[in-house]
Each structure stands twice: as C-alpha cells, then as structure tokens.
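Written out below as structure tokens is the structure these notes cover.
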Amino acid sequence: MSETDEPGLTPGGLGVLTAQARELYRHVLRSRGRITECESKAADGKALAELLDIGLLVPDTDDPGILVAVDPAQLSARLSSIWQRKALDLLHRAVALPGDLQELAEEFRTPEKTGGTIEYVHGKVLINQRLGQLVSGCSEEMLAAQPGGPRPPEALAGVIARDLETLRRGATIRTIYHPSTRYHAPTREYVAAIADAGGKVRTLDEPYTRLIVIDRRTAVIPVADDLNLAAFIHDQAVISYLIEEVFERNWSRGLDFDGARTVPPQVVSRLRQTIVDLLLKGTNHRVIARRLGISERTLARHIAEMREDHHVESLFQLGYILGRASLEEEPEAADGIV
C-alpha cells in the first residue's frame with residue numbers, strides 16, 4: 001500500500017499509471033504473467049511501485065518473492081465498488097457536517113466569555129455577507145436603526161424575502177427609519193409587507209446612530225463614516241447598553257409607520273420646519289433634498305404648500321415671513337429661560 005493508504009491510489013493520481021508502469025505490466029504479461037524477485041530488482045523502481053500500489057501486481061501466495069499480474073477488469077470492478085462506497089460516505093459526511101458543527105459555529109460567532117469580543121469587518125461586501133449570515137440565523141429578535149433616508153429599491157428587494165422568512169420563524173423585527181421614508185414608494189411597500197407579517201416600524205425625526213442587534217447576542221455598529229468598517233460586538237454588557245440606552249430610547253420617541261401613504265401631521269410639521277431652517281441658511285434645494293432623503297419634486301411640493309399656507313407668491317416672500325416669525329419667537333423663548 002502506498003503512503004496514501006487508499007487502494008488503487010497511485011502517485012500519478014486516481015488510477016493513473018505512467019507510461020513506464022504500463023510498459024512494465026505488458027512485460028510481465030509477456031513473461032507468462034509472472035516476474036521473479038531478480039527481475040523485480042532490475043525493473044524500474046517507480047513503475048514497479050505504481051503497479052504494486054494500484055494492485056495490478058501482487059505477491060504469489062506460494063512464493064512471495066514472485067509477483068503475478070492481476071486481471072485489470074476484475075481490479076477495476078473491485079476498486080470502483082470501493083471508491084463508490086467511499087464517495088457515498090464522504091457525500092453523507094459533507095451533507096451532515098454543517099449541522100454537526102452548527103452549535104460550535106454559533107459559539108464561535110458569539111463567544112460567551114467575560115468581556116466578550118469586538119470583531120472588525122472591512123468592506124461593504126463582507127459586512128453585508130456577515131450581516132446576512134446573522135439575520136438568516138435570527139430566531140428571536142432583530143432590532144435595526146437605519147438613519148439616512150430611504151434605502152435603495154434594489155437593497156429593499158434583496159432583504160424583503162429574508163426578513164419575511166425571519167418573521168415566519170417566529171422572530172420579531174423592529175426597525176427605525178427617517179421620516180423621509182414615508183414619501184418613498186419602495187420603502188412604503190417594504191414596510192407594508194413587513195407590517196402585515198407582524199413586523200413593526202417607526203420613524204424618528206432627529207439624529208440617531210445606525211445600529212443592528214440580532215437575538216440580543218450580536219450588535220453591529222459602523223466605525224467609519226463611509227460604512228466601510230463595522231464593529232460586530234459580542235459583549236453582553238455593551239449589547240444591553242446599546243439596546244436599552246440607544247435603541248429603546250429612540251424607539252419610544254418614534255412614530256408608528258405601517259407603510260400607508262398618509263403622513264401624520266407631526267411628521268409633516270417637523271419635516272417642513274427642517275426645510276425652513278435650511279432655506280433660511282441659504283441651502284440650495286438639491287442639498288436640502290439630499291439631506292432629508294426626499295426627492296426634489298417632494299421638496300418642491302412642500303415649499304409650494306408652505307407658500308400657499310402663508311399666502312405668498314415667491315420663495316423670497318416665504319423666506320422673509322418665516323424669518324420674521326423666527327425672530328419674533330426668540331424673545332419669548334429667551335423669557336422662558338430660568
């Protein structure tokens with residue numbers, strides 16, 4: 001048997017014989033299928049080893065010093081049967097392996113040790129892959145705070161099936177979005193589907209940090225502004241703090257969002273106040289729309305409705321009235337300071 005310890009495996013590969021080994025086998029056949037010990041010593045050592053390894057030459061039962069040739073057809077049938085059984089066994093083991101190691105894999109990803117760990121992942125592709133693995137294994141709860149306005153339609157299309165499957169498994173999902181998502185049709189459709197399946201969404205019109213928590217065992221936060229570096233946190237004390245002091249506080253101040261086209265008056269009021277503040281600072285329309293995560297058409301509609309509410313014709317007049325109103329409110333606000 002060779003160093004592979006597998007029948008029929010030769011140094012050249014699976015059942016591969018070199019030209020020298022084939023020629024030596026033919027020589028043995030021409031010698032009445034036998035080769036003496038002296039002839040064996042004179043033969044090509046590597047070729048002889050190949051024939052012995054694969055089993056085409058075997059020691060004679062009566063005289064081990066003599067090697068006899070084996071029928072290749074019989075050898076082929078025997079080795080084929082052995083390899084097929086082995087291949088089937090390896091296939092069963094390959095299929096069972098992920099399940100056998102699942103428990104250990106979960107412990108590796110979420111180590112339960114004092115102090116926990118923080119895992120840094122670079123690159124949006126790797127971050128999304130890592131998140132996808134965690135969400136696919138979510139069995140209890142997923143919390144997500146997603147600032148920055150509407151998500152791209154292709155991103156929503158890529159996660160809706162995954163999130164619905166998470167809800168079907170019995171897990172809960174709570175998500176916080178920016179109010180501008182209420183004006184984004186793809187986001188409304190996504191939220192409506194999630195809400196129908198039992199998920200909950202709220203919008204929050206104030207700054208908040210990006211945060212995702214899976215099963216209260218792993219929290220994910222951005223490390224870089226461009227979102228190319230993320231920290232996957234496994235420390236239970238830190239995760240509890242992020243849930244109670246960050247997510248839950250923001251969630252309590254948010255407004256329910258079920259995907260309906262109707263926007264609550266307080267959302268409209270806050271959004272327009274932000275528009276006014278930016279207009280008074282001289283910010284152009286394109287920048288305002290980008291900051292609020294709404295289209296320039298939606299922004300123009302809000303401005304037109306504000307002009308109508310204040311009975312003015314031009315943007316300059318609107319700015320003048322809003323500016324005066326702002327100045328008149330300042331003394332009252334100052335009087336209220338103790």
Side-chain angles (χ1 to χ4, degrees), residues 1-112 119 121 125-126 128-139 158 161-162 164-166 168-171 214-215:
M1 193 69 68
S2 69
E3 71 267 6
T4 61
D5 291 328
E6 292 290 344
L9 298 184
T10 70
L14 288 175
V16 176
L17 289 174
T18 62
Q20 292 82 356
R22 294 173 183 274
E23 183 56 36
L24 177 58
Y25 181 77
R26 295 189 183 98
H27 171 72
V28 174
L29 294 180
R30 290 193 295 269
S31 301
R32 295 181 299 175
R34 300 165 64 85
I35 181 172
T36 66
E37 187 174 357
C38 291
E39 290 174 322
S40 298
K41 292 179 179 179
D44 185 327
K46 291 184 178 179
L48 182 62
E50 285 187 56
L51 295 176
L52 289 170
D53 285 340
I54 199 172
L56 281 173
L57 290 182
V58 297
D60 191 305
T61 55
D62 296 327
D63 186 354
I66 296 177
L67 301 177
V68 296
V70 172
D71 183 354
Q74 293 182 0
L75 176 66
S76 174
R78 182 171 63 85
L79 291 181
S80 178
S81 176
I82 292 173
W83 291 351
Q84 287 181 35
R85 288 197 301 271
K86 188 172 186 63
L88 185 59
D89 177 62
L90 288 173
L91 179 60
H92 285 315
R93 292 167 63 183
V95 172
L97 185 62
D100 290 342
L101 298 182
Q102 178 64 30
E103 182 179 353
L104 296 179
E106 291 178 357
E107 291 182 11
F108 175 82
R109 291 195 295 264
T110 56
E112 295 181 1
E119 173 190 2
V121 180
V125 173
L126 292 179
N128 288 333
Q129 288 178 350
R130 188 79 175 84
L131 270 174
Q133 292 173 349
L134 289 171
V135 176
S136 296
C138 177
S139 60
R162 180 198 68 188
L164 289 175
E165 176 60 28
T166 299
R168 280 193 289 269
R169 288 198 301 269
I214 307 296
D215 286 338

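The figures that follow rest on heavy atoms only: side chains count, while hydrogens, waters and symmetry mates do not.
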Heavy-atom pair with the smallest gap, counting every atom of Leu51 and Tyr25: CD1-N, 3.8 Å

With heavy-atom distances below 4.5 Å as the criterion, would you say the side chains of Thr18 and Glu50 are in contact? yes

Classify the side-chain pair Ser81/Arg85 by whether it contains a donor and acceptor separated by less than 3.5 Å. yes

Using only atom types and a distance under 3.5 Å, with no angle test, would you say the side chain of Arg169 pairs donor to acceptor with the backbone of Cys138? yes

Non-hydrogen side-chain atoms of His27 and Arg30 separated by less than 4.5 Å: yes

Arg168 atom CZ, over 12 foreign heavy atoms within 6.0 Å: yes

Rounded to the nearest 0.5 Å, what separates atom CG in Asp215 from atom CG in Leu134? 9.0 Å

Using a 4.5 Å cut-off on heavy atoms from C-beta on, say whether the side chain of Asp89 contacts that of Lys86. no

Could you tell me whether Arg162 and Glu165 have a side-chain N and a carboxylate O separated by less than 4.0 Å? no

Minimum heavy-atom separation for Leu17 and Arg22, please, with both atom names. O-NE, 3.4 Å

Taking every non-hydrogen atom, the tightest pair across Leu75 and Val70: CB-CG1, 4.3 Å

Are the side chains of Leu67 and Leu48 in touch, meaning some heavy atoms are under 4.5 Å apart? yes

Could you pull out the closest heavy-atom pair between Ala43 and Leu24, with the gap in Å? CB-CD1, 4.0 Å

Can you tell me how far OG1 of Thr36 sits from CG of Asp63, rounded to the nearest 0.5 angstrom? 9.5 Å

Start with the C-alpha gap between Leu56 and Val28, add the side-chain angles, then the distance that decides, and say whether side chain to side chain contact (heavy atoms under 4.5 Å, CB included) holds. CA-CA 10 Å; Leu56 281 173; Val28 174; over 6 Å; no

